[in-house]
Amino acid sequence: MGVKNSFLGKLLGAADKFSDEQVLQTISLLVEHGVKHGATDIHIEPQSRFVLVRYRIDARLRAVHKLPTSALPSILRQVKSLAHLNESEEHAPQEGQYSALVGDQQFEILVSTLPVIGGEKVVLHIAHHLTRPPSLNMIGFWGPGLQALSSALARTHGLLIVSSPRRNGQTTTLHSMLQMLNTPIVSIATVESAIEYRVSGASQTRVRPQRGITFHEGLQAALNQDPNIILVSSVPDRQTANQVVQAAASGHVVLAGLHADSAAGALSHMYALSGEPFLLATAVQTVVGQRLVRRLCIHCRERYIPSQEQLSEIEKTFGISNPASHRHIHELEQRAASEGIDNNNHVNTTPSHITSLWRASDDGCENCDHTGYQGALAIVEVLQISDSLQKTLLGHASAAVLHKQALKEGFVPMGLDGLVKALRGQTTIPEILRTMTSLAT
């Protein structure tokens, strides 16, 4: 796909006014094409001479269509009508949702409008109504992180936090964890901003602030029914944070989402939100940090030998400063290979060197739409709360101090996890660098 004056623009033509049928068909086709190409979001953005449509595919935006500027008011009116928003409101942001049928699949379309120069920007988030999330292995968990997370999930109570920036697979990871706990003998309640996964046997509540159902109120109502396991897709405020911590401390398993840059950052943020720091330190079991990166297309990816200059830059970026760090990376890659990460037999490190790496093909292939990448992968870190980390947390420690203490205990940070996955041919070094703002290893 590439940005162009697409047939959608031709469908609308260059007229000043458009029929409802034309506009509704255009919106329907935008969603249909988004689903076809695996998009999670559709951005409709006014520019000076046209309306740009971009799709978020594999966690990255791609410009795809150009529509006539004169069509924007009609598109806005119809989208607002579908999402039950105020059609005449142009100066304040609005949020809503509607259901769309694509083929034989039902999708929830979450609508967000924002006043900008040139009109209003619209984002359509495509929420799939899925019944089963991928396994933690398929998402990107392996080795020490998967072992620590599985151990935490085996406990009968406690708080497990999944942190990431928005649109980085947090909901999928939470539901993959929930799937491991879902048996006929437990009661499960979820409180979510959007129901993307239907959980068999669970009571699922969608947050609707405009109808008086906030995370705080939804969680309180769920707790009144005494479930064994609770999933809260976001912890937006102090009230919700206190409820989450108290529920975990009183015998529930609580899976909670939090928007933060790292596992240590999420723990520090939760400490600041919670009015019960001692309870938090005893209730929290594990914190997951994650980001989505693009997955290399296995049909056209290329192995190459990096130059000395490239190796020096990698070593500097990832903090590979001594023989011990080289050995550690080699041991991690060997473990990843033994666990079948990428299912190729070639190991790209020795105890003292990085010998080869992988990159995307410049031309790509038909399988990846000539991008060199196909699908998304999570780079992850799993922070297991030890006695020493509990004490550090109670000492009002910053995220940096918590991170440093975790490293002493064998914690594998996101940057290093990404490096191992790049060595295994699942993604690339530039993709890791593009995605992450910091790579403390």
[X] side chain vs [Y] backbone, donor-acceptor pair below 3.5 Å:
| X | Y | value |
| --- | --- | --- |
| E381 | A263 | yes |
| S163 | S262 | yes |
| R56 | A39 | no |
| T26 | Q22 | yes |
| S233 | S193 | yes |
| H175 | P133 | no |
| S234 | G257 | no |
| S176 | T172 | yes |

For the pair H65 and H33, name the ring-plane relationship: parallel under 30°, tilted 30 to 60°, perpendicular over 60°.
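Plane angle between 30° and 60°, so tilted.
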Could you tell me whether R62 sits above the aromatic face of Y55, with NZ or CZ closer than 6.0 angstrom to the six-membered ring centre and within 45 degrees of the axis?
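No.
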Side chains of [X] and [Y] in contact at under 4.5 Å (non-hydrogen atoms):
| X | Y | answer |
| --- | --- | --- |
| N348 | L357 | no |
| I188 | L231 | no |
| M270 | L159 | yes |
| I126 | V102 | no |
| L383 | L389 | yes |
| L219 | V244 | yes |
| V401 | Q405 | no |
| I379 | L419 | no |

Between the side chains of [X] and [Y], does any donor sit under 3.5 Å from an acceptor?
| X | Y | result |
| --- | --- | --- |
| H125 | E196 | yes |
| T349 | E333 | yes |
| S187 | N228 | no |
| E192 | T190 | yes |
| D363 | S361 | no |
| S164 | Q290 | no |
| N242 | Q246 | no |

In terms of heavy-atom contacts, does CD1 of I298 have more than 12 from other residues, nucleotides or ligands at under 6.0 Å?
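Count not over threshold, so no.
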Does the side-chain contact (heavy atoms from CB on, under 4.5 Å) test come out yes or no for Y373 and E431, once each step is laid out?
CA-CA 10 Å; Y373 296 90; E431 188 65 10; 4.3 Å; yes
Applying salt bridge (Lys or Arg N to Asp or Glu O under 4.0 Å) to D342 and K421, what does each step give before you reach the verdict?
CA-CA 9 Å; D342 196 62; K421 285 167 178 168; over 6 Å; no
Can you tell which of I27, I75, V53, I44 makes a side-chain contact (heavy atoms from CB on, under 4.5 Å) with V122?
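Exactly one pass, corresponding to I44.
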Would you mind telling me which of R294, Q374, H299, R301 makes a side-chain contact (heavy atoms from CB on, under 4.5 Å) with C368?
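Of R294, Q374, H299, R301, side-chain contact (heavy atoms from CB on, under 4.5 Å) with C368 is met by Q374 alone.
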Show the numbers, then the answer: is there a side-chain hydrogen bond (donor to acceptor under 3.5 Å, both in side chains) between S88 and N86?
CA-CA 6 Å; S88 62; N86 184 347; 2.8 Å; yes
Does the side-chain hydrogen bond (donor to acceptor under 3.5 Å, both in side chains) test come out yes or no for E95 and S112, once each step is laid out?
CA-CA 5 Å; E95 292 185 358; S112 171; 4.7 Å; no
Would you mind checking if [Y] and [X] are paired as a salt bridge, meaning a charged N to carboxylate O distance below 4.0 Å?
| X | Y | answer |
| --- | --- | --- |
| D41 | R166 | no |
| D20 | R77 | yes |
| R335 | E339 | yes |

Taking all non-hydrogen atoms of both residues into account, name the closest pair between [X] and [Y] and its distance.
| X | Y | answer |
| --- | --- | --- |
| A189 | A222 | CB-CB, 3.9 Å |
| H252 | A247 | ND1-O, 3.0 Å |
| A360 | G372 | CB-O, 3.9 Å |
| P46 | G119 | CG-N, 4.4 Å |

Spacing of D362 atom CG and H370 atom NE2 [to the nearest 0.5 Å]:
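Rounded to the nearest 0.5 Å, the CG-NE2 separation comes out at 13.5 Å.
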Can you tell me which residue pairs pass the salt bridge (Lys or Arg N to Asp or Glu O under 4.0 Å) test with a partner in residues 79-93, sequence neighbours excluded?
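Sorted pair list: K80-E120.
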Scan residues 213-242 for pairs that pass salt bridge (Lys or Arg N to Asp or Glu O under 4.0 Å), counting only residues two or more places apart or in two chains.
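Checked against salt bridge (Lys or Arg N to Asp or Glu O under 4.0 Å) - neighbours excluded - no pair reaches residues 213-242.
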Tell me which donor-acceptor pairs under 3.5 Å the side chains of residues 136-146 have, and how far apart each pair is, sequence neighbours excluded?
from: W142; atom 1: NE1; to: D417; atom 2: OD1; distance (Å): 2.8

For T427 and W358, run side-chain contact (heavy atoms from CB on, under 4.5 Å): C-alpha distance rounded to whole Å, both residues' side-chain angles, the deciding distance at 0.1 Å, then the answer.
CA-CA 8 Å; T427 188; W358 294 84; over 6 Å; no
One pair to check against side-chain contact (heavy atoms from CB on, under 4.5 Å): Q170 and H259. What are the steps and the verdict?
CA-CA 9 Å; Q170 186 182 98; H259 296 302; 3.9 Å; yes
Working note: L149 + M177, criterion side-chain contact (heavy atoms from CB on, under 4.5 Å); need CA distance, chi angles, decisive distance, verdict.
CA-CA 9 Å; L149 187 53; M177 293 161 62; 4.0 Å; yes
